[in-house]
Amino acid sequence: MLHSKTFVKKTRGGKVNKQVREHYLRDDIYCGAPICKVCDSSAARLSPSASTILIVDTNVVLHQIDLLENPAIDDVVMLSIVLEEVKNKNMAVYNRVRALCSNSMRRFFVFANEHHKDTFVKEMNKESKNDRNDRAIRVAAQWYQNHLGGAARVLLITNDRENKRKAIEEGISAETIESYVKSLDQPNLLDLLVQPASEDVNMEEVEDLRPSKRKVIYAEHKPMSEITSGLHRGIYHQGKLRVNRYNPFEAYVGSESIGDEIIIYGRANMNRAFDGDIVAVELLPQDQWYEEKSLSIADEEDGEEDVHLVPNSADDAPRTTNVVQGSAGDAKIMSSRPSGFVVGIIKRNWHAYCGSLEPMPLPAGSGGTAHALFVSKDRRIPKIRIQTRQLENLLDKRIIVVVDSWDHLSRYPSGHYVRTIGEIGDRDTESEVVLIENDINSRPFSSQVLACLPSLPWSVSSEDLANPIRQDLRHLRVFSVDPPGCKDIDDALHCITLPNGNFEVGVHIADVTNFVLPGTPLDDEATQRGTSVYLVERRIDMLPKPLTEDICSLRADVERLAFSVIWEMTSEAEIISKRYTKSVIKSSAAMSYIEAQARMDDSRLMDPLTTDLRNMNTLAKIMRLKRIERGALTLASAEVKFQIDTETHDPLDIGMYQIREANQMVEEFMLAANVSVAEKILKHFPVISLLRRHPSPTREMLEPLLRTAAAVGLNLDVSSSKALADSLDHAVGDDPYFNKLIRILATRCMTQAVYFCSGDLSPQEYHHYGLAAPLYTHFTSPIRRYADVIVHRLLAASLEIQKLPSIFQDQPQLTSIADNLNYRHRNAQMASRASVELHTLIYFRKRPTDTEARIVKIRANGFIVFVPKYGIEGPVHLAPRSEKGSGEWFVDEQQQKIKKMDGSLSFSVLQTIRIHMEVVEPQPNRPKLQLTLI
Amino acid sequence: MEYVNPEGLRLDGRRPMEMRQIRAEIGSVAKADGSALFEMGNTKVIAAVYGPREVQNRSQQISDKALVRCEYSMANFSTGDRMRKPKGDRRSTEISLVIRQTMEACIMTHLMPRSQIDIFVQVLQADGGTRSACINAATLALADAGIPLRDLVTSCSAGYLNSTPLLDLNYVEDSAGGPDVTVGFLPKLDKVTLLQMDSKLSIDLFENVMQLAIEGCKAVANYIREILLENTKQLEYRRGL
């Protein structure tokens with residue numbers, strides 16, 4: 001081993017000081033080629049038959065990562081200097097390269113050239129950092145060439161002209177990425193290539209296609225130094241740009257510096273910012289705060305809302321501005337909310353987008369390069385210009401595209417094609433799109449993950465029974481109640497009448513942590529997936545199928561391992577004692593909600609199981625009542641259920657999901673178990689418990705609900721959850737559906753509950769608003785939620801039957817796990833909704849329907865209706881879109897009414913109307929459901 | 001932050017179980033009875049030992065054993081930013097105490113009653129692991145002064161970052177805020193005389209990390225022994241034996 005030292009100067013916090021770091025050079029770094037005779041080839045990754053070994057430079061990795069990810073490119077040596085530079089420039093690309101290097105299917109080898117004694121280069125006098133790094137890459141390439149002799153061709157891929165020239169001078173074979181890809185003779189690879197930046201010759205051709213159109217469309221972004229000083233002086237405001245999901249010409253920037261959201265209207269003001277970018281914003285003068293609104297509507301192309309599912313929480317609901325929309329004749333009304341425009345982008349949030357190409361005529365000669373516009377499925381994303389050589393193939397496909405750049409001279413950003421998903425309109429393709437858009441990993445489990453599973457057929461072993469931590473509860477009459485067809489049964493119940501008249505009630509949860517051990521690939525995979533995802537026609541599991549459907553599932557008549565919470569309750573449902581234990585159970589019945597309900601309702605049945613069910617139901621009703629007294633909200637959601645054709649997987653029927661007493665009974669005990677476990681783990685681990693909280697909605701969030709309620713003469717008290725619950729109970733209108741409608745409207749004002757690590761917040765903030773519980777967590781579904789797995793481990797550790805895994809020592813990591821769980825959970829929900837929306841569309845494609853609907857919101861040219869039968873919501877236009885605000889209709893904001901000018905017709909909020917539903921395709925490949933008034 | 005990359009190299013190019021380069025020199029302060037310079041990578045400390053000699057402050061005299069005193073200080077120029085550090089700040093007081101206790105455990109103080117041994121250690125250059133380097137330097141200086149020792153006490157640190165036990169943390173790794181175990185060890189007697197840890201570590205991991213630190217101590221001890229042997233040979237040679 002050779003040691004040497006380098007001296008590095010570094011500036012930090014304005015001060016310049018010299019930093020000295022040791023830098024060891026080694027002779028035990030190997031080349032990674034199995035053909036090499038000198039090196040230890042145990043860690044070799046390159047192919048034994050590689051004729052060409054590629055060495056790529058930093059810019060190639062940064063810009064052509066999509067190409068590198070294509071399996072056609074292999075036998076690549078990643079130099080550590082390249083990795084380091086990529087890491088400093090773009091963390092996302094770095095992570096992708098790292099994934100490539102650790103992927104056993106790919107032949108990417110990391111060569112630590114910076115620590116190899118022969119390839120380390122010292123910075124020369126007056127040499128810039130970049131030049132030194134380029135030289136290091138060339139030296140490494142040279143070393144490879146000499147080291148491997150003639151056994152393989154070493155090819156340096158660089159797009160830097162100077163670097164390439166020098167390399168060739170030094171006798172290294174070097175090529176640009178374009179010429180290399182061309183030499184591979186695979187035309188589809190060329191689409192993956194990122195086109196060089198605009199100053200290059202290539203771009204000129206592109207612009208030639210649009211002659212005389214070279215005008216400045218967007219303002220130049222301010223240089224970074226100006227932005228920093230502007231932020232410092234308070235002229236600019238920094239924040240994350242979020243584009244309105246329902247109107248892509250409107251965006252919000254949450255700014256801490258002014259403590260409010262800044263609204264940005266129109267593409268020009270957004271100035272090339274994408275959703276999720278961190279931007280710097282300058283405020284417009286106050287007298288322009290509203291003007292921009294009318295401008296933006298004028299240049300709207302299709303800023304109309306689509307029919308969508310009824311939102312379940314504030315996060316799903318379309319954003320509404322507080323702008324009071326006057327009728328067209330009115331003078332401009334100043335908005336109270338600041339609006340601004342983007343002056344610069346601090347951090348880009350570009351990633352891959354799903355969508356399709358805008359239809360266009362095929363160019364005459366096939367096979368040539370064609371320019372096409374890509375329309376993302378996500379409406380928040382502008383159209384993206386791409387170049388392709390396979391236009392005819394792509395026109396009717398869903399494809400993935402990434403953005404490379406957005407010049408201020410071009411209206412649309414330019415990007416490149418990544419891959420094809422499938423045919424547009426095909427159900428599988430569209431489902432795949434839903435998954436990709438929500439960042440859901442639906443790939444099959446890897447072999448490492450599957451290796452962690454116990455061998456099948458699995459059964460409870462004698463060791464499990466003999467284990468002192470595991471109580472034998474096989475003698476108990478345990479049963480489970482789940483939705484029909486449920487295969488991942490993670491909870492079961494039992495109930496015994498004790499001699500003293502009390503009840504022993506047990507909740508038994510599948511003991512997933514017995515199989516998913518911390519630190520295994522299986523555990524890592526589950527941490528990443530976070531939750532199972534339920535789509536209409538399929539389920540994407542968090543854990544592999546044998547665990548989900550067999551080993552962990554508490555099926556009837558088989559012995560299974562469980563984690564049990566056992567209470568002693570009085571007949572008034574007071575909990576006298578709590579006990580937690582790992583156990584072995586044998587479920588006697590796996591019922592569906594319908595079966596359980598039927599048993600309870602059938603007065604002739606007097607068998608022990610039915611008695612248990614009835615006892616539990618009585619207890620559950622009392623518990624529910626108590627909970628409601630404490631102020632828990634009974635919110636309503638408009639969940640729908642599809643009947644799917646077993647052959648074609650097409651939806652056959654659609655209807656509201658019916659909630660029975662049996663559902664509520666099971667739910668009640670699950671809630672109780674979760675609360676008990678939350679108390680227990682927090683007592684033992686005050687700073688590292690994973691809990692779930694539901695923040696109280698602010699008055700502002702409840703504003704739309706209050707306005708609607710006021711319009712129908714209802715006064716809601718929202719001072720506390722208890723008050724709200726009471727006033728919701730008293731909200732009874734003349735028709736039976738009125739109360740449910742108000743509850744649905746209330747639901748969408750709430751934010752979603754989130755997971756958090758107890759050390760990150762103060763105890764007052766642990767509160768769960770919706771359940772009116774001071775503490776809450778998730779314990780009862782470890783098969784399909786990773787949060788429950790963590791809670792199981794915490795509970796086991798608090799009972800001192802298992803050691804706490806080392807991850808719990810690391811609070812920041814725990815916080816990041818909680819954040820990931822929230823992200824995954826939210827995406828899973830979005831995916832479920834998107835899947836339901838997709839199937840609703842497929843369903844109505846063949847079945848135009850007339851149905852009843854309720855008006856939930858009044859708009860300038862129509863209203864938003866809610867269709868209770870199908871759980872969807874969408875706009876109904878009174879006037880054709882072109883005549884928007886023509887003055888024929890008059891909106892009464894106070895009364896939430898829309899009237900015809902001559903007074904012949906009027907609609908008010910919550911009114912019942914009849915509508916016609918039909919699928920139309922105004923733009924090709926974008927079918928949508930249209931609602932029209934009959 | 002990534003302290004160990006997937007190729008198994010640390011930021012400075014070492015592998016997790018490797019120590020920095022160590023170097024030692026005996027007799028760098030002519031006036032002292034024993035002295036030594038010790039380097040672990042970029043950490044450089046100098047130690048000087050005076051005594052056994054008469055106790056300066058009579059009231060501190062111990063009738064049945066020697067009084068051991070230790071003073072640790074850091075040179076103003078030892079870190080990058082040249083700051084004047086007040087003498088006797090908490091950190092130095094603590095390290096002085098740690099070194100004194102560690103050394104006291106190996107000096108045969110009962111052989112030198114009513115006398116005093118002074119150990120001065122100064123950090124010339126700091127790059128993590130100064131505590132360990134000081135103990136190693138002090139051992140060499142004591143040996144150089146010819147003070148009877150039970151064994152050569154050596155010290156090394158080990159930490160745990162990126163789920164990997166790391167031997168001999170440098171400044172960058174030390175500032176990561178992870179667990180940092182410093183062990184003082186008597187290699188011949190197989191006894192631990194110093195054990196300190198920053199941050200938290202689970203018990204089974206702790207044992208791994210501590211074992212790694214002990215291995216480090218053994219390696220340092222071998223090196224120190226070599227240096228002493230070399231030094232003795234030199235002395236022999238000068239005497240013309």
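Each chain gets a letter, A, B and so on, in the order the sequences are listed, and its residues count up from 1. What you see below is based on every heavy atom in this structure, not just the backbone, and it leaves out hydrogens, waters and symmetry mates. The shown structure was predicted, so the numbers you read here are calculated from the model rather than taken from an experiment.
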| said: Let me confirm one number: the CZ-CG distance from Arg15(B) to Asp28(A), rounded to the nearest 0.5 Å. | reply: 4.0 Å
| query | Less than 4.5 Å apart, any side-chain heavy atom of Ser80(A) and any of Glu7(B)? | reply | no
| message | So for atom CE, which belongs to Met105(A), do other residues, nucleotides or ligands contribute more than 12 heavy atoms lying within a distance under 6.0 Å? | response | no
| message | Given 3.5 Å as the limit, does a donor-acceptor pair link the side chain of Tyr24(A) with the main chain of Gln21(B), or not? | response | yes
| With only heavy atoms counted, which part of Leu11(B) is less than 4.5 Å from chain A, the side chain, the backbone, both or neither? | backbone
| message | Between Glu18(B) and Arg26(A), is the side chain to side chain contact (heavy atoms under 4.5 Å, CB included) condition met? List the steps. | response | CA-CA 12 Å; Glu18(B) 283 172 2; Arg26(A) 323 183 55 101; 2.6 Å; yes
| message | Does any part of the side chain of Asp12(B), heavy atoms only, come nearer than 4.5 Å to the side chain of His23(A), both counted from C-beta? | response | no
| said: Please report the interatomic distance CZ(Arg14(B)) to NE2(His115(A)), rounded to the nearest 0.5 Å. | reply: 11.0 Å
| Going from CG on Leu9(B) to CD1 on Ile29(A), what distance comes out if it is rounded to the nearest 0.5 angstrom? | 5.0 Å
| message | Is it the case that atom NZ in Lys89(A) sees more than 12 heavy atoms from other parts of the structure closer than 6.0 Å? | response | yes
| task | Test side chain to side chain contact (heavy atoms under 4.5 Å, CB included) on Tyr94(A) and Glu2(B) and set out the steps. | result | CA-CA 12 Å; Tyr94(A) 175 75; Glu2(B) 194 177 59; 3.2 Å; yes
| request: Would you check if there is a donor-acceptor pair between the side chains of Tyr171(B) and Glu22(A) at a distance under 3.5 Å? | output: no
| query | Could you walk me through whether Glu173(B) and Arg21(A) pass the salt bridge (charged side-chain N to carboxylate O under 4.0 Å, His left out) check? | reply | CA-CA 12 Å; Glu173(B) 291 165 335; Arg21(A) 300 270 158 84; over 6 Å; no
